[in-house]
Amino acid sequence: MKAIFLKYISVALASTLKFFGGPITGVILNLTWIETAICSIAGMMFSVLVVTYVGKVIQALLKKYRKNTPKRFSKTNRIAVRIWKKFGIIGIALLTPPLFTPIFGTALAVAFRVPRGSIFLWMTLSALGWGFFISYIAHKMTFIQEWIK
């Protein structure tokens, strides 16, 4: 029982940092694709929850302790602003798992002052869609299992 719980936590933690990490970890740990998807979704949504409620505090701390001002027009920032202008929160949410990290995608939504309810709604729908899709594909790609053996 303890071992399976640790597997679930490992997949969720991998998804909090980079969404694709969860499905790959699930395959490596021999979880089913459904277990992998649910844990990956939970991991992403944990990041969304934390960043949504603590995002402004994190921004203030970074601003306070940062020695150099960040580049305002980095490549990633330009892409994010372009997506925001064209598609709003829906675009940011849908592209968070494959393009951004769950933390960065949510931080963008917070920075664009999206209401929390909208952030949770669209990030949840995105996590569900991408979670099941990526987990299924990861489990069907047999080279991943062969690679770890």
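The residues of the chain are indexed from 1 along the displayed sequence. These figures come from a predicted structure and were not determined experimentally.
Between I79 and L99, some side-chain heavy-atom pair lies under the 4.5 Å cut-off. Residues M44 and I41 have side chains not in contact (no heavy-atom distance under 4.5 Å, counting atoms from C-beta outward). A heavy-atom distance below 4.5 Å is found between the side chains of W84 and V114. Taking 4.5 Å as the limit, every side-chain heavy atom of S15 sits out of range of all side-chain heavy atoms of P102. With contacts defined as side-chain heavy-atom distances shorter than 4.5 Å, the pair I92/W122 does not qualify. Residues M141 and I137 form a side-chain contact, since some pair of their non-hydrogen atoms from C-beta on lies under 4.5 Å apart. Counting heavy atoms from C-beta on, the side chains of F20 and I134 come closer than 4.5 Å. No side-chain heavy atom of P23 sits under 4.5 Å from any side-chain heavy atom of W33.
Note: T36 OG1 to Y136 OH = 13.5 Å, rounded to the nearest 0.5 Å. Rounded to the nearest 0.5 Å, atoms CG (L94) and CD1 (I89) are 9.5 Å apart. Rounded to the nearest 0.5 Å, atoms OG1 (T106) and CZ (R116) are 12.5 Å apart. A distance of 11.5 Å separates CZ in F112 from CD1 in I119, rounded to the nearest 0.5 Å. A distance of 9.0 Å separates CG in L31 from OG in S40, rounded to the nearest 0.5 Å. Separation of atoms CG (L29) and CG (L6) is listed at 10.0 Å; rounding is to 0.5 Å.
Proximity of a side-chain donor or acceptor of S47 to a complementary backbone N or O of T16 within less than 3.5 Å is detected.
Both I38 and L125 are assigned to one and the same hydrophobic cluster, defined by single-linkage of ILVMFWY side chains at heavy-atom distances under 4.5 Å.
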